[in-house]
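Read through the structure below, which is laid out as structure tokens, and then see the notes.
Sequence positions, counted from 1, serve as the residue numbers for this chain.
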Amino acid sequence: MLPFARVSIIGLGLIGSSMARAIKANMPDVRVNGFDADPDVRERARALGFCDDIADIAGTAVIDAGLVVLCVPVGAMGPVAELIADDLPADAIVSDVGSCKQSVAEALAAALPQATIIPAHPVAGTEKSGPDAGFATLFKGRWCILTPPADAPEAAVEALSSFWQRLGADVEIMDARHHDLVLAVTSHLPHLIAYTIVGTADDLGEVTQSEVIKYSAGGFRDFTRIAASDPVMWRDVFLNNKEAVLEMLQRFSEDLTALQRAIRYGKGDELEALFARTRDIRRSIVEQGQDDDAPDFGRKH
């Protein structure tokens, strides 16, 4: 039995369009309605045909929906939820795909006090954005973390878990605050570092325009890939998860100072021990199927 007969997706960028495509590939009988605030995106989504219907008004998109998923920047969750409040079916489940969970849960609860809200975060994506960037297998083999409130109906949590599993994801249940701390380490801080390093290179001016760009090796090239992610989305992530990000940034700064000291005083054994430990972590990520161990990270040339 399908967990939902009708799914409404609000926001048709990379994640939203990928979700629509994945639903059509894995649950073809489910009707998918979509909406995006940008009329150009709506028009492009209609041309691509990954939704059964694209509404021009947010509220229209959620009528008769069993599941409504907000695929918008985390800072926009509350305002967007207010747009659909009057048309939201009483028995619909409202979820999202944001990288921050505590702030999103609070925003959605304030905007939709009577709704069944189960925040979610599919830990998947690319540096690309827009409806053309989506693909049906984006969530396959990736984690989707659900952070239901304590009073969430068990049947609703099970239905949303089944939905994500049918899209190919592995589902984990987690406390919202703990999620934000974990993601601050695994996602938010790496993006912050990437933006900073690329910005530092750009600040070098003349060097950036010659040697740095021309001779970009794997490390800098990979940082530029991460730093190419949607700036609005990441602005909202850092502002809405600032406590956890600042905590992890302080810890990173302390570790960076220790590394600086090891280099200054020639502590080769200390450096090698650190590099060996982090190499083992990388191997564990590959072994768990969260990345590719092919040469050059599986890039096609």
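Residue R251 holds its CZ atom at 13.0 Å from CG of L256, rounded to the nearest 0.5 Å. Between the CG atom in D180 and the CD atom in E247 there is a gap of 11.5 Å [rounded to 0.5 Å]. The distance from atom CG of L271 to atom CG of L259, rounded to the nearest 0.5 Å, is 6.0 Å. Once rounded to the nearest 0.5 Å, the distance linking NZ of K242 with OG of S103 reads 11.0 Å. How far CG of D236 is from CG of N241: 12.0 Å, rounded to the nearest 0.5 Å. How far OG of S253 is from CD of Q260: 11.0 Å, rounded to the nearest 0.5 Å.
Look at R42 and D38 and you find no salt bridge, because none of the NZ, NE, NH1 or NH2 atoms lies under 4.0 Å from a carboxylate O. Contact check on R31 versus D53 returns no salt bridge, with no Lys/Arg side-chain nitrogen under 4.0 Å from an Asp/Glu carboxylate oxygen. Between R46 and D56 a salt bridge is recorded (basic side-chain N to carboxylate O distance below 4.0 Å).
Proximity of I145 to L183: side-chain heavy atoms (C-beta onward) are separated by under 4.5 Å at one or more points. For the pair F35/L12, no side-chain contact is recorded, criterion being any heavy-atom separation below 4.5 Å from C-beta on.
Cluster annotation: I9 and I84 are assigned to distinct hydrophobic clusters (Ile/Leu/Val/Met/Phe/Trp/Tyr, side-chain heavy-atom contacts under 4.5 Å, transitive). When the side chains of ILVMFWY residues are joined at heavy-atom separations under 4.5 Å, either directly or via intervening members, V32 and L14 end up in a single hydrophobic cluster.
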(message) Assess the residue pair S17 and R21 against the criterion (side chain to side chain donor-acceptor pair (under 3.5 Å)); give the C-alpha distance rounded to whole Å, side-chain angles, the decisive distance to 0.1 Å, and a yes or no.
(response) CA-CA 6 Å; S17 67; R21 290 176 169 100; 3.1 Å; yes
Exercise. Verify side-chain contact (heavy atoms from CB on, under 4.5 Å) between L112 and V94, making sure each step is shown before the conclusion.
Key: CA-CA 9 Å; L112 304 169; V94 177; 4.1 Å; yes
Apply side-chain contact (heavy atoms from CB on, under 4.5 Å) to the pair W143 and V171, showing each step before the final yes or no. CA-CA 6 Å; W143 289 102; V171 175; over 6 Å; no
Item to complete: Apply side-chain contact (heavy atoms from CB on, under 4.5 Å) to L67 and S95, showing your working.
Response: CA-CA 7 Å; L67 172 66; S95 190; 4.3 Å; yes
If you apply the rule side-chain contact (heavy atoms from CB on, under 4.5 Å), what do you find for W164 with M19, and how did you get there? CA-CA 9 Å; W164 277 107; M19 182 181 298; 3.3 Å; yes
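Applying side-chain contact (heavy atoms from CB on, under 4.5 Å) to L160 and the options T116, V69, I118 leaves one that passes, I118.
What you find for I15 and P122 is that their closest heavy atoms are CG2-CG, 4.5 Å.
Other residues, nucleotides and ligands contribute at most 12 non-hydrogen atoms within 6.0 Å of the CD1 atom of I57. Other residues, nucleotides and ligands contribute at most 12 non-hydrogen atoms within 6.0 Å of the CD atom of Q114. In this structure, K140 places its NZ atom where only 12 or fewer heavy-atom neighbours from other residues, nucleotides or ligands lie under 6.0 Å away.
The list of ring pair (Phe, Tyr, Trp, His ring centres under 6.0 Å) pairs with a residue in residues 237-256, not counting sequence neighbours, reads W234-F238. Sorted by first and then second residue, the salt bridge (Lys or Arg N to Asp or Glu O under 4.0 Å) pairs with a member in residues 94-112 read D96-K101; sequence neighbours excluded.
In the model, H188 has a side-chain atom that pairs as donor or acceptor with a side-chain atom of S99 under 3.5 Å.
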